[in-house]
Amino acid sequence: MSDFKKIEKKWQKYWEENWAEMYGARDKGPKKYILNEFPYPSGSGLHIGHTFSFTGGDVYARFRRMKGDNVLFPMGWDAFGLPTENYAIKMKRKPQEVTAENTSMFKKQMKRLAFSFDWAREVNTTDPSYYKWTQWIFIKLFEKGLAFKREMPINWCPSCKIGLANEEVVDGKCERCGDPNVVKRNISQWVVKITDYADKLIEGLEGTDFVEKVKMAQINWIGKSEGARIRFKIKDLRFKNKALEVFTTRPDTLYGATFMVVAPEHDLVSEILNSKSEALNKSKISNNQIQNIKEYVEGARKKTDMERTELSKEKTGVFSGLYAINPVTEKEIPIWISDFVLASYGTGAIMAVPAHDQRDFDFAKKFGLPIIEVISNDQNPSTPNNNQLPNTNTQMGLKEAYTEVDNGISINSPLWNGLKPKEALVKAIEYIEKEGIGDKAYSYHLRDWIFSRQHYWGEPIPMIFCQHCCQKIKSQITNPNNQTIRNDQISNVSNKKLEKYAKEKGIDIKVLLNNPGWYPVPEEQLPVVLPEVEAYEPTDTGESPLSNMTNWVKTKCPICGGEAKRETDTMPNWAGSDWYFLAYCIAEKLKEKTPPSPPLTRGESSFDSKNVFTDIFSSSNKELKYWMPVDVYIGGDEHNTLHLLYSRFIYKFLYDLGVLTKEISEPYYKRISHGVILGPDGARMSKSRGNVIVPEVVADRYGVDVVRCYLMFMGPYDATMVWNEKTLMGVRRFLDKYFQFIQKQILDNKQNTNLSDSSRDVKVIINKMIDGVERDIENFKYNTALAKMMEGLNNLRNINVGLSIEEIKTLIKLLAPFAPYTTEELWDMFDKKEKSVHQSSWPEVDKSFLVDSQVTLPVSINGKRRYEIKMNRDDMSNEERVIQLAREESGFKKWTEGKNIERYIYVEGRMLNIVVI
RNA sequence: GCCGAGGUGGCGGAAUUGGUAUACGCGUAGGUCUCAAAAACCUAUGGUAGCAAUAUCAUGAGGGUUCGAUUCCCUCCCUCGGCACCA
């Protein structure tokens with residue numbers, strides 16, 4: 001089609017005029033919610049990766065519509081983010097304006113590429129009517145005690161001037177800019193307790209149809225392990241009543257615990273360093289040792305996470321001067337300090353079993369600590385050591401730790417000698433629970449989610465801080481280490497206003513006491529709109545640019561009415577995408593209360609009615625009930641852990657809050673991950689490499705349909721593929737042939753009014769096409785769906801007979817999801833005008849035409865294909881007839897002569913195997 | 001190290017899940033058209049032997065189960081993706 005540009009323009013106009021009727025989701029009928037991850041609208045426009053993944057979604061959406069489903073296929077903009085902010089800073093423009101320009105460019109490009117999105121439901125995370133809800137969700141997290149403010153060391157990127165979540169630091173580098181100098185900084189942060197949902201996030205996966213690798217990625221990320229917490233008494237005057245608690249997955253090795261190690265950040269370390277000198281004199285710790293500890297802890301703090309893990313081979317550490325008591329051997333074991341123990345995992349302290357843990361082993365070797373074997377790899381140890389503890393405490397013969405769990409047998413462990421590790425483990429937990437020295441416990445790799453960002457272009461965190469209230473609460477509760485408030489402390493607090501407030505809002509008073517002085521912005525004042533500031537630059541002090549907006553920051557305390565301040569941090573990028581799949585379902589209601597434009601510069605806004613929140617988020621909301629869950633969620637592998645986990649968490653949180661329908665506890669039913677397209681040189685596309693393929697440019701040269709079909713034909717939808725213009729030319733040839741063939745058929749049909757019925761052969765070809773294409777699309781195997789159409793076309797061209805109108809229509813319909821323009825143009829060539837081909841219904845397969853009239857069947861002897869027989873399809877189901885035909889064939893004699901025929905194995909329609917000896 | 005996915009022609013990749021291995025496309029060779037080239041179209045195209053029919057070998061390597069294995073089982077090698085001093 002040389003004039004594809006004209007055709008594209010023509011149909012774009014037509015579709016634009018009939019958009020709602022063609023692609024708008026209705027609210028009844030069997031539903032299909034097909035979702036592509038919404039893009040970040042960057043200034044460089046839609047790239048080929050977007051085009052690839054959206055085409056995949058679009059093909060499926062168009063297919064399901066033709067199958068008669070009520071399809072929701074929405075699109076929106078995840079528009080908060082640093083690139084826009086940086087661009088705005090550089091160009092001295094408002095991020096709002098830049099975003100508006102970018103989204104309109106994206107939208108135009110998407111329309112050209114014929115993506116059948118339902119634009120009536122478009123959402124934008126930077127729209128105040130949208131982020132009002134993002135803020136509302138945060139308030140709910142706060143009220144339920146799942147969001148709290150803590151001063152804590154966070155990862156600070158000196159280039160971005162922003163705090164990063166643990167997840168955003170990859171190999172010690174900033175995930176955004178690649179800066180390797182991410183350091184720890186103590187900053188007061190909002191933290192969201194996603195860890196409370198760790199179990200639910202694992203369990204929920206069972207009900208989903210995610211591919212294995214996605215499930216595994218989620219499970220590994222959460223990293224649940226089973227074991228025990230064990231308390232070791234400390235043998236020292238100052239810590240007489242204290243216990244050092246550890247988490248271990250191997251309580252069965254308790255007898256082999258010959259020393260303990262705490263992380264440099266562990267509380268015990270600061271307690272040692274802060275001890276009064278008299279106490280030190282009483283204990284055995286010398287000033288010299290204190291100095292060593294100080295130096296070591298300082299050194300560890302200065303190291304970045306990267307350095308800590310990189311230097312993993314050589315263990316470092318320092319003796320704390322303290323001893324603990326092993327609760328089963330009752331021996332004194334030394335407590336060491338080392339940075340190979342992570343403060344953020346478990347309890348930040350371990351019991352070291354050098355004989356059966358490689359890291360402990362390395363550490364013991366380096367510092368000459370005792371090693372006791374408690375598991376033998378010998379199934380029948382000759383000296384069972386019944387009920388006797390070994391006297392020798394070093395076994396220097398060992399080369400490495402014996403870490404086997406499935407094999408081996410417990411020794412030197414009087415209470416569970418002779419048991420296999422797994423049995424011993426059960427016994428050990430039983431014992432420590434009975435004796436009150438520990439409990440069965442679980443530990444997770446998943447960390448709590450640091451939710452504050454010190455930037456302008458994000459959702460303002462809707463919280464207010466009152467210094468006055470804070471002082472008052474703090475004067476009544478002593479809480480030096482920012483621990484969670486205990487029940488017994490609450491009784492000390494007398495604050496009528498606070499109690500009343502908590503009762504009214506249904507908030508546990510502990511939540512307010514844990515965050516002294518912090519209150520949510522009253523719901524009727526949402527959204528807290530981003531004010532227009534003069535300068536968007538992030539600051540070195542770690543404060544958000546919003547903090548300079550004194551007018552905006554100043555507000556009233558919702559409790560005492562005194563002067564208070566707004567939170568000036570904004571939310572991380574993930575916040576807006578946590579619930580957007582819900583927003584699409586209720587998009588119309590969200591828009592009912594459109595905020596004034598331009599956004600208010602003051603925080604309080606008045607355009608919201610009080611009850612609109614419960615109105616939208618409620619378990620009886622019909623739209624949510626009807627559309628959820630997302631039936632197919634298409635996205636990139638890079639979001640298989642973070643975004644997927646965060647949004648599942650938020651969904652589950654809202655579910656527990658009771659504002660979502662009870663039947664659906666997971667937001668996404670199926671997750672499809674799309675692949676990646678590499679540049680023609682086989683490398684990842686990047687401007688610096690100059691290997692970027694721009695969809696617009698390719699579409700200008702070959703047409704949109706060629707781009708779409710080529711992308712779908714390149715390979716499996718989830719594969720990594722290399723852009724190859726030669727293959728694209730092959731797809732173009734196919735589309736041209738398809739177009740010409742059908743065009744000719746339509747013309748022939750017009751001239752020739754009394755066409756005879758097409759032959760069975762034609763019907764078989766066409767029905768095989770319908771059957772194959774349908775099955776392949778349903779399984780997202782777009783490459784083979786197109787291959788089947790190519791094959792069908794080749795076959796039809798070889799036969800060279802006239803097709804009926806119905807058959808021609810079928811051929812157009814089959815290609816319609818892939819090539820919307822070409823097929824629409826062909827559809828328009830019939831005399832009788834009909835609606836768009838994209839509103840037609842998918843052809844039905846006539847199963848009686850899936851088999852050729854003449855069947856060629858391979859005959860194999862002992863499983864090796866030797867000759868073939870031809871027969872009518874009616875004979876196919878008659879086994880005796882098939883065998884008879886096989887025996888009549890000359891090949892039979894050749895291959896069976898002089899041999900005994902054991903038996904015949906006939907697989908209907910597939911093959912006949914003759915077993916001979 | 002752990003978890004996951006893979007390994008099929010010169011290349012991208014098919015194979016109805018145990019039943020004709022290499023569909024479809026690219027590339028290559030030859031041909032048609034042309035003054036010529038491009039485009040388009042036609043034919044051939046896994047290796048080896050043979051004029052040929054045909055035979056034989058071949059799905060990372062080696063074993064096994066089976067009438068029959070790219071597919072299932074065991075051992076090993078390699079590639080890609082995720083996690084990683086996680087106790």
Side-chain angles (χ1 to χ4, degrees), chain A residues 170-171 211-221 223-225 227 246-250 253 257 260-261 263 305 308-313 315 338-342 344-353 356-360 362-363 403 443-447 637-638 640-641 673 676 710 713-716 718-731 733-734 736-737 771-772 775-776 781 783-794 850 856-868 894 902-917:
Chain A
V170 177
D171 294 335
V211 289
E212 195 60 19
K213 77 168 170 183
V214 178
K215 282 190 184 181
M216 279 304 151
Q218 298 251 310
I219 289 170
N220 289 341
W221 191 266
K224 182 177 185 173
S225 43
V246 301
F247 173 77
T248 177
T249 53
R250 299 292 302 277
T253 61
M260 304 189 78
V261 189
D305 278 1
R308 278 203 191 184
T309 49
E310 251 188 7
L311 299 168
S312 64
K313 277 163 201 153
K315 295 273 183 290
S338 172
D339 64 5
F340 87 84
V341 172
L342 305 175
S344 49
Y345 183 74
T347 62
I350 60 156
M351 64 175 213
V353 185
H356 307 291
D357 181 286
Q358 194 55 43
R359 294 153 300 171
D360 300 350
D362 296 342
F363 195 83
T403 55
S443 191
Y444 303 88
H445 294 188
L446 185 69
R447 316 263 171 93
D637 282 342
E638 70 275 21
N640 281 347
T641 42
S673 39
V676 177
Y710 168 59
F713 184 68
M714 287 177 89
D718 59 357
T720 303
M721 293 160 296
V722 177
W723 182 268
N724 179 351
E725 203 108 341
K726 287 261 175 67
T727 307
L728 180 141
M729 294 305 289
V731 173
R733 271 194 284 274
F734 159 70
D736 281 347
K737 277 191 238 175
D771 187 52
R775 264 215 301 262
D776 284 345
K781 292 167 79 173
N783 55 334
T784 52
L786 279 163
K788 273 162 194 160
M789 278 188 263
M790 291 173 176
E791 198 180 352
L793 178 67
N794 291 343
L850 287 180
T856 307
L857 196 80
V859 177
S860 50
I861 311 293
N862 289 345
K864 205 155 222 172
R865 183 177 162 278
R866 290 306 181 188
Y867 64 98
E868 39 189 47
K894 180 180 170 190
E902 280 288 293
R903 59 173 163 142
Y904 296 91
I905 297 164
Y906 178 54
V907 184
E908 193 176 318
R910 294 255 167 260
M911 47 75 70
L912 173 72
N913 189 26
I914 305 173
V915 185
V916 300
I917 295 177

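Throughout, a chain's letter reflects where its sequence line sits, starting with A, and its residues are numbered from 1.
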Could you list the donor-acceptor pairs under 3.5 angstrom formed by side chains in residues 345-353 of chain A, with sequence neighbours left out?
from     : atom 1 : to       : atom 2 : distance (Å)
A:Tyr345 : OH     : A:Ser225 : OG     : 3.0
A:Tyr345 : OH     : A:Ser443 : OG     : 3.4
A:Thr347 : OG1    : A:Glu245 : O      : 2.6
A:Thr347 : OG1    : A:Ala349 : N      : 3.4
A:Thr347 : OG1    : A:Ala349 : O      : 3.3

Taking atom CG of A:Asn640 and atom CE of A:Met216, what is their separation to the nearest 0.5 Å?
13.5 Å
Taking only nitrogen or oxygen atoms into account, show me every contact under 3.5 Å that the protein makes with nucleotides 54-60 of chain B, one pair per line with its distance.
from   : atom 1 : to       : atom 2 : distance (Å)
B:rU56 : OP2    : A:Arg866 : NH1    : 2.9
B:rC57 : OP2    : A:Lys864 : NZ     : 3.3

I'd like a list of close polar pairs between nucleotides 20-22 of chain B and the protein, N/O only, cut-off under 3.5 Å.
from   : atom 1 : to       : atom 2 : distance (Å)
B:rU20 : O2     : A:Arg865 : NE     : 3.3

Phosphate-side-chain proximity, A:Arg250 and B:rA87, N/O vs OP1/OP2 below 4.0 Å:
no
Quick one: closest heavy-atom pair of A:Thr641 and A:Ala217, and the distance?
CG2-O, 3.7 Å
To the nearest Å, how far apart are A:Tyr710 OH and B:rG25 C1'?
10 Å
Sticking with atom P, work out how far B:rU43 lies from B:rG25, rounded to a whole angstrom.
12 Å
If I take atom CG in residue A:Leu912 and atom P in nucleotide B:rC67, what distance separates them, rounded to the nearest angstrom?
16 Å
Would you say A:Tyr867 and A:Lys894 make side-chain contact, with heavy atoms under 4.5 Å?
no
How is the base pairing of RNA chain B summarised as a dot-bracket string, given the Watson-Crick and G-U wobble criteria with both distances under 3.5 Å, [ ] for crossing and | for another strand?
(((((((..(((......[....)))((((((.......))))))((((....))))..(((((..]....))))))))))))....
Residues in contact with RNA chain B, drawn from residues 722-731 of chain A - heavy-atom cutoff 4.0 Å
A:Lys726, A:Thr727, A:Gly730
Could you check A:Asn220 against A:Thr248 and say which one's nearest nucleotide on RNA chain B is further toward the 5' end?
A:Asn220
Check every strand shown and say whether A:Asp637 touches a base, only sugar-phosphate, or nothing at a heavy-atom separation below 4.0 Å.
nothing
Could you check if the base of B:rG12 is syn or anti? Syn means the glycosidic torsion is within 90 degrees of 0.
anti
I need the A:Asp718 CG to A:Lys781 NZ distance, nearest 0.5 Å.
11.0 Å
Of the nucleotides B:rA87, B:rG19, B:rC26, which has the atom closest to the A:Asn913 side chain?
B:rG19
Distance to the ring centre below 6.0 angstrom and angle to the axis at most 45 degrees; does that hold for A:Lys315 and A:Phe340?
yes
For atom C1', what is the distance between B:rA14 and B:rC83, given to the nearest Å?
33 Å
With a 3.5 Å cut-off and sequence neighbours excluded, list the donor-acceptor pairs that the side chains of residues 906-917 of chain A form with protein atoms.
from     : atom 1 : to       : atom 2 : distance (Å)
A:Tyr906 : OH     : A:Met876 : O      : 2.5
A:Tyr906 : OH     : A:Gly909 : N      : 3.3
A:Asn913 : OD1    : A:Ser860 : OG     : 3.1
A:Asn913 : OD1    : A:Asn862 : N      : 3.4
A:Asn913 : OD1    : A:Gly863 : N      : 2.9

Quick one: is A:Lys788 getting a side-chain N or O under 4.0 Å of the B:rU16 phosphate, OP1 or OP2?
no
Taking any heavy-atom pair under 4.0 Å as a contact, classify A:Lys737: base, sugar-phosphate, or nothing.
sugar-phosphate
Could you tell me the separation between the CZ atom of A:Arg359 and the P atom of B:rA84, rounded to a whole number of Å?
14 Å
Could you tell me if the side chain of A:Asn724 sits less than 4.5 Å from the side chain of A:Tyr710, heavy atoms only?
yes
Taking the same atom, C1', in B:rU16 and in B:rU71, what whole-Å distance lies between them?
13 Å
Check each of A:Asp776, A:Leu793, A:Asn783 against A:Lys788 using the side chain to side chain contact (heavy atoms under 4.5 Å, CB included) test, and report the only one that passes.
A:Asp776
So, is A:Asn794 near the phosphate of B:rG25, with a side-chain N or O under 4.0 Å from OP1 or OP2?
yes
From the candidates B:rG25, B:rA15, B:rA87, the one with an atom nearest any side-chain atom of A:Lys781 is B:rA15
Round to a whole Å and report the spacing from CD1 of A:Ile917 to P of B:rG68.
11 Å
Please classify B:rU17 as syn or anti, treating any glycosidic angle within 90° of 0 as syn.
syn
Work out how far the C1' atom of B:rA52 is from that of B:rA39, and round it to whole angstrom.
37 Å
Does A:Asp637 come within less than 4.0 Å of A:Lys213, counting only side-chain N to carboxylate O?
yes
Measuring from the side chain of A:Ser225 (C-beta onward, heavy atoms only), which nucleotide among B:rA40, B:rG19, B:rA87 has the closest atom?
B:rA87
Looking across every strand, which nucleic acid part, if any, lies under 4.0 Å from A:Phe734 by heavy atom: base, sugar-phosphate, or nothing?
nothing
Mapping A:Met790 and A:Ile914 onto RNA chain B by nearest heavy atom, which one lands closer to the 5' end?
A:Met790
Take the protein atom CG of A:Asp736 and the nucleotide atom P of B:rA39, then report the distance between them rounded to whole Å.
14 Å
Say you pick atom P in B:rG50 and the same atom in B:rG64; how far apart are they, in whole Å?
33 Å
What's A:Asn640 touching, base or sugar-phosphate or nothing? Going by heavy atoms closer than 4.0 Å.
nothing
Base, sugar-phosphate, or nothing: which does A:Arg903 touch, judged by heavy atoms less than 4.0 Å apart?
base
Quick check for you: among B:rA23, B:rC26, B:rG4, whose closest atom lies nearest to any side-chain atom of A:Met216?
B:rG4
Rounding to a whole Å, what distance do you find between A:Arg775:CZ and B:rA15:C1'?
13 Å
Let me confirm one number: the CG-CD distance from A:Leu786 to A:Glu791, rounded to the nearest 0.5 Å.
12.5 Å
Rounded distance [0.5 Å steps], OG in A:Ser338 versus CE in A:Met260:
14.0 Å
Would you mind reading off the distance between A:Ile905 atom CD1 and B:rG18 atom P, rounded to a whole angstrom?
16 Å
Please find the pair of heavy atoms, one from A:Arg866 and one from A:Ile861, that lie closest to each other, and give the distance.
CG-CG1, 3.5 Å
Taking only the C1' atom of each, what is the distance from B:rC33 to B:rC42 in whole angstrom?
11 Å
Could you give the distance from CG (A:Asp357) to OG1 (A:Thr249), rounded to the nearest 0.5 Å?
8.5 Å
Distance check needed: B:rG4 P versus A:Trp221 CH2, whole Å only.
18 Å
Integer angstrom distance from the P of B:rA29 to that of B:rC3
49 Å
Against the side chain of A:Lys213, the closest entry in B:rG4, B:rC85, B:rG13 is B:rG4
Suppose you measure atom C1' in B:rA58 against the same atom in B:rC51; what distance do you get, rounded to whole Å?
25 Å
Quick one: label A:Met714 by what it contacts on the DNA or RNA (base, sugar-phosphate, nothing), any heavy atom closer than 4.0 Å.
sugar-phosphate
